[in-house]
Amino acid sequence: MNKKKEKETRAKLYIREVIADRVKTQFNDPKVEIDWNFFKLFENVFTSIIMNCASGAITLSKNDINDLFQLIYVHPGMKFWTQDTKNIYKAIIKSGMNDYLYKV
C-alpha cells in the first residue's frame with residue numbers, strides 16, 4: 001500500500017472512531033452499531049478535507065465546516081445542492097462522490 005493510501009486509511013479509521021464515540025455518547029449506549037454506508041459521502045469528503053488540510057493544500061472557512069457537516073444528512077440515493085464551488089464541492093469531486101451532487 002502506498003503512503004498516501006495508508007494515510008487515507010488511517011484518517012478514515014480515526015474519523016469513524018470519533019463519529020462512533022459521539023454517537024454512542026449521544027445515545028448513551030456503547031453498543032450502538034453504525035451503518036457506515038449510510039455516511040459514505042461524509043466519510044469520504046471528510047477524509048479528503050483532512051488530508052488536504054494536513055498537507056496545507058487548503059484552508060477551511062467557518063462556512064466550509066458548516067457545509068461539511070451538512071453532508072452527514074446526505075445518504076445514498078440523495079443529492080447535495082450547493083452554489084459554493086470552493087473547498088467542499090471540490091472535495092466531493094476529488095473523492096469520487098460526484099453522484100451525490102445535484103446538477104441543474
Side-chain angles (χ1 to χ4, degrees):
M1 185 184 306
N2 68 31
K3 286 190 180 213
K4 183 180 178 186
K5 268 293 193 210
E6 187 177 315
K7 286 181 181 180
E8 285 177 9
T9 300
R10 281 198 318 256
K12 277 188 181 181
L13 291 173
Y14 175 74
I15 289 165
R16 282 187 177 190
E17 185 178 313
V18 169
I19 293 169
D21 181 61
R22 296 304 313 145
V23 169
K24 289 173 183 182
T25 300
Q26 185 67 33
F27 286 101
N28 197 24
D29 182 357
K31 297 177 186 172
V32 170
E33 292 293 322
I34 299 171
D35 180 356
W36 294 106
N37 288 323
F38 208 59
F39 301 101
K40 189 175 182 177
L41 176 63
F42 174 73
E43 181 181 33
N44 283 291
V45 173
F46 197 10
T47 301
S48 177
I49 291 291
I50 294 280
M51 300 301 290
N52 283 305
C53 284
S55 71
I58 63 170
T59 304
L60 297 179
S61 68
K62 288 180 184 178
N63 188 58
D64 291 329
I65 300 294
N66 289 332
D67 286 349
L68 175 64
F69 283 100
Q70 285 179 15
L71 299 181
I72 289 173
Y73 303 102
V74 184
H75 306 132
M78 298 174 79
K79 300 288 183 183
F80 180 70
W81 179 79
T82 182
Q83 288 183 304
D84 187 350
T85 57
K86 294 180 185 165
N87 292 327
I88 302 303
Y89 181 86
K90 288 177 183 173
I92 291 171
I93 303 282
K94 188 173 183 177
S95 62
M97 302 281 105
N98 311 33
D99 291 344
Y100 284 89
L101 287 172
Y102 179 80
K103 294 175 180 74
V104 180

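In this chain, residues are counted from 1 in sequence order. Basis for what follows: all heavy atoms, side chains included, without hydrogens, waters or symmetry-related copies.
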Student: Considering only heavy atoms from C-beta outward, does the side chain of Leu101 approach that of Trp81 to under 4.5 Å?
Tutor: no
Student: Between CG of Asp21 and CD of Gln26, what distance do you get to the nearest 0.5 Å?
Tutor: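 So the CG of Asp21 and the CD of Gln26 are separated by 11.5 Å.
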Student: Is it the case that more than 12 heavy atoms not belonging to Lys31 sit under 6.0 Å from its NZ atom?
Tutor: no
Student: Surrounding OH of Tyr73 (heavy atoms of other residues, nucleotides or ligands, distance under 6.0 Å), is the total greater than 12?
Tutor: no
Student: For the residue pair Cys53 and Thr59, establish whether any side-chain heavy-atom pair is separated by less than 4.5 Å.
Tutor: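 Sidechains of Thr59 and Cys53: no contact.
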Student: I need the minimum non-hydrogen distance between Ala11 and Ile50, along with the two atoms involved.
Tutor: CB-CG2, 4.5 Å
Student: Testing the basics here: between Phe42 and Leu68, what is the closest heavy-atom pair and its distance to 0.1 Å?
Tutor: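 That closest heavy-atom pairing would be CD1-O, 3.5 Å.
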Student: Any link between Tyr102 and Met78 through a network of hydrophobic side chains (Ile, Leu, Val, Met, Phe, Trp, Tyr) touching at under 4.5 Å?
Tutor: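 Hydrophobic grouping puts Tyr102 apart from Met78.
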Student: Verify, without hydrogens or angle tests, whether Asn52 (side chain) and Ser48 (backbone) share a donor-acceptor contact under 3.5 angstrom.
Tutor: yes
Student: Under the ring-ring contact (aromatic ring centres under 6.0 Å, His included) test, which residues partner Tyr89, sequence neighbours left out?
Tutor: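 Here no residue qualifies.
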Student: For Lys62, is the NZ atom crowded, meaning more than 12 foreign heavy atoms sit under 6.0 Å from it?
Tutor: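 No - once you tally the heavy atoms of other residues, nucleotides and ligands closer than 6.0 Å, there are 12 at most.
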Student: So, for Lys7 and Met51, which heavy atoms are closest and what is the spacing to 0.1 Å?
Tutor: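 Lys7 and Met51 have their closest heavy atoms at CB-CE, 3.3 Å.
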Student: Taking the side chain as every heavy atom from C-beta outward, state whether Phe69 and Leu71 have any pair of such atoms under 4.5 Å apart.
Tutor: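 No. Closest side-chain heavy atoms not under 4.5 Å.
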Student: May I ask you to decide if Ser61's main-chain N or O and Asp64's side chain share a donor-acceptor pair within less than 3.5 Å?
Tutor: yes
Student: I need the Arg10 CZ to Leu13 CG distance, nearest 0.5 Å.
Tutor: 9.5 Å
Student: Between Asn2 and Lys5, is any pair of side-chain heavy atoms under 4.5 Å apart?
Tutor: yes
Student: Return the OG to NZ distance between Ser95 and Lys40, rounded to the nearest 0.5 Å.
Tutor: 10.5 Å
Student: For a side chain to side chain contact (heavy atoms under 4.5 Å, CB included) with Ile88, tell me which candidate from Ile65, Asn63, Ile49 qualifies.
Tutor: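 It is Ile49, the one option of Ile65, Asn63, Ile49 that forms the side chain to side chain contact (heavy atoms under 4.5 Å, CB included) with Ile88.
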Student: Does a side-chain N-to-carboxylate-O contact under 4.0 Å join Lys12 and Glu8?
Tutor: no
Student: Hey, does Phe80 have a side-chain heavy atom less than 4.5 Å from the side chain of Ile92?
Tutor: yes
Student: With Phe39, which of Ile34, Asn44, Ile19 fulfils side chain to side chain contact (heavy atoms under 4.5 Å, CB included)?
Tutor: Ile34
Student: Under 4.5 Å between side-chain heavy atoms, hopping through other hydrophobics if needed: is there a path connecting Ile72 to Val32?
Tutor: yes
Student: Any carboxylate oxygen within less than 4.0 angstrom of a Lys/Arg side-chain nitrogen, looking at Arg16 and Glu43?
Tutor: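 Judged by the 4.0 Å cut-off on N to carboxylate O distance, Arg16 and Glu43 do form a salt bridge.
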Student: Considering residues, nucleotides and ligands other than Asn28, do more than 12 of their heavy atoms fall under 6.0 Å from its CG?
Tutor: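 Atom CG in Asn28 is not crowded, with 12 or fewer foreign heavy atoms closer than 6.0 Å.
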Student: Can you list everything that forms a ring-ring contact (aromatic ring centres under 6.0 Å, His included) with Phe38? Sequence neighbours excluded, please.
Tutor: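 Residues passing ring-ring contact (aromatic ring centres under 6.0 Å, His included) with Phe38: His75.
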Student: Starting from Tyr14, can I reach Trp36 by hopping between I/L/V/M/F/W/Y residues whose side chains sit under 4.5 Å apart?
Tutor: no
Student: Could you state the interatomic distance from NZ (Lys94) to CD1 (Ile58), rounded to the nearest 0.5 Å?
Tutor: 8.0 Å
